[in-house]
Number of protein chains: 2
Amino acid sequence: MQTALLNKATSSTLPLFSLEVPPLRKPAEPAASSVGSVQSFAKDEEIFAEGNRAAFVYKVLSGVVRTSKLLSDGRRQIDAFHLAGDIFGIEAGEDYRFSAESVGDCIIVAYRRSHLASMTGSDAQLARDITMGMMRSLIRAQNHMLLLGRKSALEKIASFLLDMAERTADEDALDLPMSRTDIADHLGLTIETVSRSFTQLERQRMIALPSARHVVLSNRAALERLNA
Amino acid sequence: MQTALLNKATSSTLPLFSLEVPPLRKPAEPAASSVGSVQSFAKDEEIFAEGNRAAFVYKVLSGVVRTSKLLSDGRRQIDAFHLAGDIFGIEAGEDYRFSAESVGDCIIVAYRRSHLASMTGSDAQLARDITMGMMRSLIRAQNHMLLLGRKSALEKIASFLLDMAERTADEDALDLPMSRTDIADHLGLTIETVSRSFTQLERQRMIALPSARHVVLSNRAALERLNA
DNA sequence: CGTTCACTTGATGCCAGTCAACTCACGTGG
DNA sequence: CCACGTGAGTTGACTGGCATCAAGTGAACG
């Protein structure tokens, strides 16, 4: 892991409880406010672990981060994948309630949480960004609970692909940065079922799989029908 | 549904990003700041529907509220049950992304969201309460995703009972305010599986069921072992 | 005293998990 | 350059947990 410093970068301006959620993707501009520590991680490095003291709030600059929880018998649930621009590591208590790891190489900014407690004036912008980040996390969590609790394997994969496509530049083709294992743990499935579902969608001409990690959405309408 | 007005009530004081989450249960003191509209609902009344304009943020004064989402084929997922003191209906966008109904008779306060946009000074307290409410929702959502994605039926019921017990006055006996259907939709199960799991826990002497809605946790250690 | 609704219990089936073998891409060293 | 090892992904056979379908129980209420 490498570290650097980042000062006084910019951010879009959002009212605290604005009615409109901004575009929210693509603008992966550096950071929000004064003094964030920029760090880079290689594949599968730990950013923080469940139970660690939650001293920082993070923002992804590039790459992908997964946050996950473990059951004592090793079963894992990935809460979310965080792409460029996403904020993660927001905690109410003093410890992290999940762990975070890089999925591939990635660069992130860390904001010391103690700085947030006394924010006013220009720094308030960061607080607003973080509030928005929290709201987005909550929205994603609520949608994800519906997926986990009530969708079939095929529906889960379809939702996941549509979601990932929406969050990346190209709407109809995407490179999955994460492994089948990560996808399985995100969707509450096993890697075998993930694999079988991909194959099935391919056979039904809804997607094409030029390689395992490259997906083309060849029939978006059909996928959206699966999505509910 | 009945409505009344509530002015200038009090609330506990919390720093915006304090390290400590306060007791958070039991103190179901009226409300937070100036002008909330107090409303009462009978069993199974709609408080708001998915897609409604999100004009208010709500706080439960007494009773229980469920928030849920529907798939087009009718499958339902209950995001959460909200007990006295809980805040619900926080939205980033302009519409509610889930619907809310009373589980039994209940009383709630509604805060007009437009008032929150321009809050300063004394009103800032309400914003902090709402931020805390959002953080708690997020924590609950993250825990619930692990439950939905990775726990067995028996583990789900055990977790649910321990969670409900923790949130109510008596730690070892509880009256469930919601139906088996509601529990099933919360845990991603069917009512039959919920019922069978209750019976199985009873046969294994972990709980006693003097009646369907009254549960005694007779072997809390065993339940916690199931919880992971 | 019968109807109703919530809940329980039983029989059966299916979707996804488990266990296991196989393919393929990639990297490493002889 | 090729043999070999390794790890990710795929596929197949089988199993099992939970859903589905269906019937039964019991408390509340008119």
Side-chain angles (χ1 to χ4, degrees), chain A residues 42-44 64 66 71 73-78 103-104 147-161 174-204 207-215 226, chain B residues 42-44 64 66 71 73-78 103-105 147-161 175-204 207-215 226:
Chain A
K43 185 180 148 88
D44 287 328
V64 180
R66 63 171 175 260
L71 247 33
D73 63 2
R75 278 175 292 173
R76 181 176 70 153
Q77 175 72 43
I78 294 180
V103 171
L147 177 150
L148 291 171
R150 289 297 182 221
K151 290 189 183 178
S152 70
L154 219 55
E155 290 169 335
K156 285 176 178 180
I157 297 291
S159 303
F160 174 71
L161 290 177
L174 61 154
D175 283 300
L176 297 174
M178 71 289 288
S179 69
R180 295 290 190 265
T181 303
D182 282 348
I183 296 173
D185 283 347
H186 187 46
L187 303 180
L189 298 170
T190 59
I191 55 168
E192 293 94 331
T193 300
V194 170
S195 185
R196 273 187 257 272
S197 303
F198 270 102
T199 313
Q200 195 179 336
L201 290 178
E202 189 182 27
R203 270 201 289 264
Q204 297 176 208
I207 64 172
L209 282 170
S211 76
R213 301 235 180 161
H214 192 78
V215 187
L226 267 186
Chain B
K43 184 179 147 92
D44 287 327
V64 180
R66 64 172 175 259
L71 247 33
D73 63 1
R75 278 174 292 172
R76 182 177 68 153
Q77 176 72 44
I78 294 180
V103 171
D105 296 355
L147 177 149
L148 291 171
R150 289 297 182 221
K151 291 189 182 175
S152 70
L154 219 55
E155 289 169 335
K156 285 176 177 179
I157 297 290
S159 303
F160 174 71
L161 290 176
D175 283 299
L176 297 174
M178 72 290 287
S179 68
R180 295 290 190 264
T181 302
D182 282 349
I183 297 173
D185 284 347
H186 188 46
L187 304 179
L189 298 170
T190 59
I191 55 170
E192 293 94 331
T193 301
V194 170
S195 184
R196 275 186 255 271
S197 302
F198 270 101
T199 311
Q200 195 179 336
L201 290 177
E202 189 181 26
R203 269 200 290 264
Q204 295 175 209
I207 63 173
L209 283 169
S211 75
R213 301 236 180 160
H214 193 77
V215 186
L226 268 186

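No experiment lies behind these values; they were computed from the predicted model shown. Per chain, numbering begins at 1; letters A, B, ... match sequence-line order.
- Both A212(A) and T193(B) sit near DNA chain D, but only A212(A) has its closest nucleotide nearer the 5' end.
- In this structure, L187(A) and I78(A) have side chains that are not in contact, with every pair of non-hydrogen atoms separated by 4.5 Å or more.
- On a pure distance criterion of 3.5 Å, no polar donor-acceptor pair joins the side chain of E192(B) and the base of dC7(C).
- For the pair H214(B) NE2 and dC7(C) P, the interatomic distance rounds to 15 Å; values are reported in whole Å.
- One interatomic measurement links the two molecules: CD of Q200(A) to C1' of dA16(C), which rounds to 12 Å at whole-angstrom precision.
- Distance, E202(B) CD to dC7(C) P: 15 Å, rounded to whole Å.
- Expressed to the nearest 0.5 Å, how far CD of Q204(A) lies from CG of L154(A) amounts to 6.0 Å.
- The interatomic distance linking D175(B) (CG) with dA6(C) (C1') rounds to 16 Å, in whole Å.
- A 4.5 Å side-chain heavy-atom check between S211(B) and H214(B) finds at least one atom pair inside the cut-off.
- If you measure from atom CZ of R150(B) to atom P of dG17(C), you get 7 Å, rounded to the nearest angstrom.
- Annotation: of the two residues near DNA chain D, R213(A) and R196(A), the 5′-most nearest-nucleotide partner is R213(A).
- Inter-residue side-chain proximity for R213(B) and L209(B) is flagged as unmet; no heavy-atom pair is nearer than 4.5 Å.
- For the pair R180(A) and F198(A), the cation sits on the ring face: its NZ or CZ lies under 6.0 Å from the ring centre, inside 45° of the axis.
- If you take CG of L154(A) and C1' of dC14(C), they are 15 Å apart, rounded to a whole angstrom.
- Across all strands shown, S211(B) has no heavy atoms under 4.0 Å from either base or sugar-phosphate atoms.
- If R203(B) and K43(B) are placed on DNA chain C by their nearest nucleotide, the residue sitting closer to the 5' end is K43(B).
- Distance, K151(A) NZ to dA19(D) P: 18 Å, rounded to whole Å.
- In this entry the distance linking NZ of K156(B) with P of dC18(D) reads 8 Å, nearest Å.
- Annotation: side chain of R76(A) is in contact with side chain of D182(A) (closest heavy-atom distance under 4.5 Å).
- A heavy-atom distance below 4.5 Å is found between the side chains of R150(A) and D185(B).
- A heavy atom lying under 4.0 Å from DNA chain D marks the following residues of residues 177-190 of chain B, by number: G188(B), L189(B), T190(B).
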